[in-house]
Engineer: 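Take this structure, written in structure tokens, and hold onto it; I'll ask about it next.
For clarity, every value in this text was computed on a predicted model and none was experimentally measured.
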Amino acid sequence: MITMYGIKNCDTIKKARNWLDQAAIEFTFHDYKKDGLDPALVDQWLDELGWEALINKRGTTWRALPDDLKTRMDNASARQAMLENPSIIKRPLLDTGSQKLLGFKPDTYAALFNQPPATQID
């Protein structure tokens, strides 16, 4: 089962969800704010992807962090930041069961799901 993790009102999430719908790919959406965030799942993501990939350094949540925390960020502090404010996690995080993909690019999704370029929705 494919699961997309993110925040419902995020524009990138909306584009990715629309792409999957248009390509008729079934998935479950997990909204961090509505459904919560399991610490064990965050630990798994950190082990597989690393905090550098998971943390969205271009977002307002990152920019709002104290500078000293940003400069000394590691897995432990990233874990705490993600659990306290899931908005800091790069979106979407797509879990296909065999791999995890961060962010959304239509061509990357098309390649992942063996879809022709015509199904690319942005």
Side-chain angles (χ1 to χ4, degrees):
M1 179 54 130
I2 297 168
T3 304
M4 178 183 290
Y5 296 89
I7 298 168
K8 188 176 184 176
N9 64 350
C10 169
D11 288 339
T12 307
I13 290 288
K14 290 175 185 176
K15 291 175 186 177
R17 290 179 71 173
N18 186 43
W19 190 97
L20 290 171
D21 288 340
Q22 293 293 320
I25 296 169
E26 292 185 31
F27 68 99
T28 301
F29 180 68
H30 181 100
D31 188 324
Y32 300 135
K33 294 194 179 203
K34 179 182 169 194
D35 303 320
L37 194 53
D38 180 2
L41 190 58
V42 171
D43 292 340
Q44 179 186 357
W45 294 343
L46 285 165
D47 287 344
E48 291 182 37
L49 302 169
W51 74 265
E52 296 91 346
L54 285 164
I55 299 290
N56 179 8
K57 292 183 179 179
R58 294 194 287 167
T60 56
T61 305
W62 171 262
R63 290 192 296 267
L65 291 177
D67 288 338
D68 66 320
L69 177 58
K70 290 189 273 191
T71 58
R72 62 179 173 80
M73 183 72 66
D74 60 11
N75 267 1
S77 55
R79 179 184 191 271
Q80 183 176 347
M82 289 187 283
L83 290 171
E84 289 175 1
N85 195 343
S87 297
I88 202 167
I89 302 171
K90 193 176 286 185
R91 302 180 296 267
L93 192 158
L94 189 70
D95 185 347
T96 68
S98 61
Q99 70 182 69
K100 292 173 184 58
L101 182 67
L102 282 166
F104 172 68
K105 292 186 179 171
D107 57 339
T108 304
Y109 272 43
L112 178 66
F113 294 108
N114 297 315
Q115 296 289 317
T119 62
Q120 294 179 8
I121 307 296
D122 41 33

Engineer: Determine whether Asp43 and Arg79 satisfy the following criterion, side chain to side chain contact (heavy atoms under 4.5 Å, CB included), listing intermediate values before the conclusion.
Structural biologist: CA-CA 7 Å; Asp43 292 340; Arg79 179 184 191 271; 2.4 Å; yes

Engineer: For a quick test of reading the model, state the closest non-hydrogen atom pair linking Leu83 to Leu37 and the distance between them.
Structural biologist: CD2-O, 3.9 Å

Engineer: Rounded to the nearest 0.5 Å, what separation is found between the OG1 atom of Thr61 and the CD atom of Glu84?
Structural biologist: 12.0 Å

Engineer: Is the ring pair Tyr5/Tyr32 parallel, tilted or perpendicular, if the boundaries are 30 and 60 degrees?
Structural biologist: parallel

Engineer: What closest approach, in Å, do Thr96 and Ile2 show between heavy atoms, and which atom pair accounts for it?
Structural biologist: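 What the structure gives for the nearest pair is CA-CG1, 4.1 Å.
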
Engineer: Considering all heavy atoms of both residues, which atom of Leu65 and which atom of Met73 are nearest to each other, and what is their separation?
Structural biologist: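 In terms of heavy atoms, the two residues are closest at CD1-CE, 3.9 Å.
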
Engineer: Just by distance, do the side chain of Asp35 and the backbone of His30 share a donor-acceptor pair under 3.5 Å?
Structural biologist: no

Engineer: So which heavy atom on Ala53 is nearest to which on Leu102, and how close?
Structural biologist: O-CD1, 3.3 Å

Engineer: Between Arg63 (side chain) and Arg58 (backbone), is there a donor-acceptor pair under 3.5 Å?
Structural biologist: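 Yes.
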
Engineer: Can you measure from NZ (Lys14) to CG (Asp21) and round to the nearest 0.5 angstrom?
Structural biologist: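 Lys14 NZ to Asp21 CG: 14.0 Å, rounded to 0.5 Å.
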
Engineer: Just by distance, with hydrogens left out, do Asp68 and Thr71 show a side-chain donor and acceptor under 3.5 Å apart?
Structural biologist: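 No, no side-chain donor-acceptor contact under 3.5 Å.
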
Engineer: Hydrophobic clusters here meaning ILVMFWY residues chained together by side-chain heavy-atom distances under 4.5 Å, can you tell me if Ile13 and Ile89 are in one?
Structural biologist: no

Engineer: Which value, rounded to the nearest 0.5 Å, describes the distance between Gln115 atom CD and Leu20 atom CG?
Structural biologist: 9.5 Å

Engineer: Membership question, hydrophobic clusters at under 4.5 Å side-chain separation (ILVMFWY): are Ile88 and Trp45 in the same one?
Structural biologist: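 Trp45 and Ile88: one cluster.
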
Engineer: Heavy atoms only: give me the nearest Gly6-Arg91 pair and the separation to one decimal.
Structural biologist: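 Taking every non-hydrogen atom into account, CA-CD, 4.1 Å.
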
Engineer: Looking at CD of Gln22 and NZ of Lys15, how far apart are the two atoms once the value is rounded to the nearest 0.5 Å?
Structural biologist: 14.5 Å

Engineer: What's the shortest heavy-atom distance between Ser87 and Ile7, and which atoms?
Structural biologist: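 Looking at all heavy atoms of both residues, the shortest contact is OG-CD1, 3.5 Å.
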
Engineer: Does Leu49 belong to the same Ile/Leu/Val/Met/Phe/Trp/Tyr cluster as Leu112, with side-chain heavy atoms less than 4.5 Å apart forming each link?
Structural biologist: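 No; Leu112 is not reachable from Leu49 via cluster members.
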
Engineer: Is there side-chain contact between Lys100 and Glu48, with heavy atoms separated by less than 4.5 Å?
Structural biologist: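 Result yes, sub-4.5 Å side-chain heavy-atom pair found.
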
Engineer: In the single-linkage hydrophobic clustering (I, L, V, M, F, W, Y; side-chain heavy atoms under 4.5 Å), do Leu93 and Ile25 co-cluster?
Structural biologist: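 No, Leu93 and Ile25 fall in different hydrophobic clusters.
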
Engineer: Would Val42 end up clustered with Leu101 when hydrophobic side chains under 4.5 Å apart are linked, directly or stepwise?
Structural biologist: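 No, separate clusters.
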
